[in-house]
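The analysis underlying the following values was restricted to heavy atoms, covering all of them including side chains, and did not include hydrogens, waters or symmetry mates. Residue numbering restarts at 1 for every chain, and letters A, B, ... go by the order of the sequence lines. If you're wondering where the values come from, they're calculated on a predicted model, not measured in any experiment.
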2 protein chains.
Amino acid sequence: MSEKIYTVGQLAAHTDIKSVTIRYYEKIGLLPEATRSESGYRLYSEADHLRLLFIRRSRRLGFSLDDIRELLSLADRQQESCAGVDAKVEQQLEQVRSRLKDLHAMEKELERLSACCEGGVIMDCRIIDTLSGET
Amino acid sequence: MSEKIYTVGQLAAHTDIKSVTIRYYEKIGLLPEATRSESGYRLYSEADHLRLLFIRRSRRLGFSLDDIRELLSLADRQQESCAGVDAKVEQQLEQVRSRLKDLHAMEKELERLSACCEGGVIMDCRIIDTLSGET
DNA sequence: ACTAAAGGTTGTAGTTACTATAAGGTCAAT
DNA sequence: ATTGACCTTATAGTAACTACAACCTTTAGT
């Protein structure tokens with residue numbers, strides 16, 4: 001049996017990544033240039049499909065497109081050590097944890113603010129006071 | 001005693017917000033246009049200082065500049081209900097929590113990935129496998 | 001008084017990862 | 001033949017800055 005071939009819209013439907021985004025990924029070199037039909041439509045192979053899924057999974061883990069570019073290039077070098085990959089994951093984990101820490105602090109402070117509002121007018125609003133620097 | 005007056009750099013030093021950013025805030029109308037010295041330097045009053053601190057505190061809670069613009073305008077209407085302010089805080093809290101949820105999921109998955117790498121070559125790398133879709 | 005460093009001015013372009021819009025060509029079905 | 005869904009390109013917009021260029025002013029030191 002021959003391989004499945006996708007138009008950009010079909011690929012989009014299969015990957016939950018919009019056509020425009022797919023074209024954008026091609027433009028920045030994250031996806032190879034698609035082959036074209038006679039009328040100029042982009043045509044994608046199963047390999048492209050898999051590559052795009054890889055990108056999507058990585059995006060969902062919060063990797064930047066530049067990180068993903070590197071991960072993809074690492075993934076292609078089958079014989080080399082995977083230390084680079086491991087390091088990238090480690091680094092991403094650190095970044096996520098640091099962001100978590102920040103957001104946790106924000107959450108606490110917003111909860112505190114939220115609790116101290118008692119529904120009066122601005123003049124007496126403890127939230128505005130706090131933001132204005134009564135600390 | 002007369003009020004303290006700041007140049008943009010002095011204001012930057014007092015608020016931990018860079019001069020360029022202060023000018024940017026002015027350009028987008030978050031800060032009023034500064035008065036100028038004879039030579040054209042921006043001069044800031046204590047009121048500007050306080051306004052900028054308000055902005056900084058709000059930024060640290062994750063509010064967007066547009067949100068902050070609204071908060072500032074709410075804060076100016078002393079006689080009105082602070083329901084709007086309260087709602088904004090509530091909304092921001094929700095956003096932060098939603099982001100926390102996402103990041104938590106990322107953290108878990110990255111931990112899982114990180115744990116499954118055993119330092120071989122790419123070909124055998126469980127991380128790459130996972131990203132490539134062995135799920 | 002002269003000079004160099006530090007700090008100020010403007011405007012423009014770059015960043016990230018898309019999204020929106022315009023103006024048009026193609027394809028499948030009626 | 002025409003509609004509607006899909007494709008093409010190029011350009012501009014988004015958030016919140018950051019970087020750069022080219023120039024002017026103030027301040028400190030000799």
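Rounded to a whole Å, the CG atom of A:Asp67 is 8 Å from the P atom of C:dA17. Following rounding to the nearest Å, B:Ile28 (CD1) and D:dT14 (C1') show an atom-to-atom distance of 13 Å. The CD1-P distance, from A:Ile22 to C:dA17, rounds to 17 Å in whole Å. The separation between A:Ile17 atom CD1 and C:dA17 atom P is 13 Å, rounded to whole Å. When rounded to the nearest whole Å, the span between CZ of A:Arg60 and P of C:dA17 equals 16 Å. Rounded to a whole Å, the OH atom of A:Tyr41 is 4 Å from the C1' atom of C:dT26. Across the protein-nucleic acid pair, A:Leu31 atom CG and C:dC18 atom P stand 12 Å apart, rounded to whole Å. Summarising the geometry, the separation between CD1 on A:Ile55 and C1' on C:dA17 is reported as 13 Å, rounded to the nearest angstrom.
Residue-to-nucleotide proximity on DNA chain D shows that, of B:Thr21 and B:Asp66, the 5′-proximal contact is made by B:Asp66. Nearest-nucleotide positions on DNA chain D place A:Lys27 closer to the 5' end than the other of B:Glu38 and A:Lys27. Each of A:Ser39 and A:Lys18 lies near DNA chain C, and the nucleotide nearest A:Lys18 is the one positioned closer to the 5' end.
Both A:Tyr25 and A:Phe63 are members of a single hydrophobic cluster when ILVMFWY side chains are connected at heavy-atom separations under 4.5 Å.
Within a 6.0 Å sphere centred on CD of A:Gln78, heavy atoms belonging to other residues, nucleotides or ligands number more than 12.
In this model, the phosphate group of C:dC18 is approached by a side-chain N or O of A:Tyr25 to a distance below 4.0 Å at OP1 or OP2. Phosphate contact (OP1/OP2 of C:dT10, side-chain N/O of B:Arg36, threshold under 4.0 Å): present. The phosphate of C:dA17 (OP1 or OP2) has no side-chain N or O of A:Arg56 nearer than 4.0 angstrom.
At the heavy-atom level, B:Arg23 lies under 4.0 Å from base atoms of the strands shown. Contact annotation for A:Arg59: backbone-only contact, meaning every heavy-atom pair under 4.0 Å involves sugar-phosphate atoms and none involves a base. Nucleic acid contact for A:Ser37: none, since no nucleic acid atom lies under 4.0 Å from a heavy atom of the residue. Residue-level contact check: A:Phe63 touches neither bases nor backbone, having no heavy atom under 4.0 Å from any strand.
Listed candidates were D:dC6, D:dA16, C:dG8. Nearest to the side chain of B:Ser64 is D:dA16. Ranking C:dC18, D:dT9, D:dA16 by closeness to the A:Arg42 side chain, first place goes to D:dT9. The listed nucleotides are D:dC7, D:dC17, C:dA17; the one nearest the side chain of B:Tyr24 is D:dC17.
Of the N and O atoms on the side chains of B:Asp67 and B:Ser64, at least one donor lies less than 3.5 Å from an acceptor on the other residue. With no hydrogens or angles considered, a side-chain donor-acceptor pair links B:Tyr6 and B:Glu46 at under 3.5 Å.
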Next item on the list: Please lay out, stage by stage, how A:Asp48 and A:Ser45 fare under the test side-chain hydrogen bond (donor to acceptor under 3.5 Å, both in side chains).
Entry: CA-CA 5 Å; A:Asp48 295 320; A:Ser45 68; 3.2 Å; yes
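Using a cutoff of 4.0 Å between basic side-chain nitrogens and carboxylate oxygens, B:Glu107 and A:Arg99 are not scored as salt-bridged.
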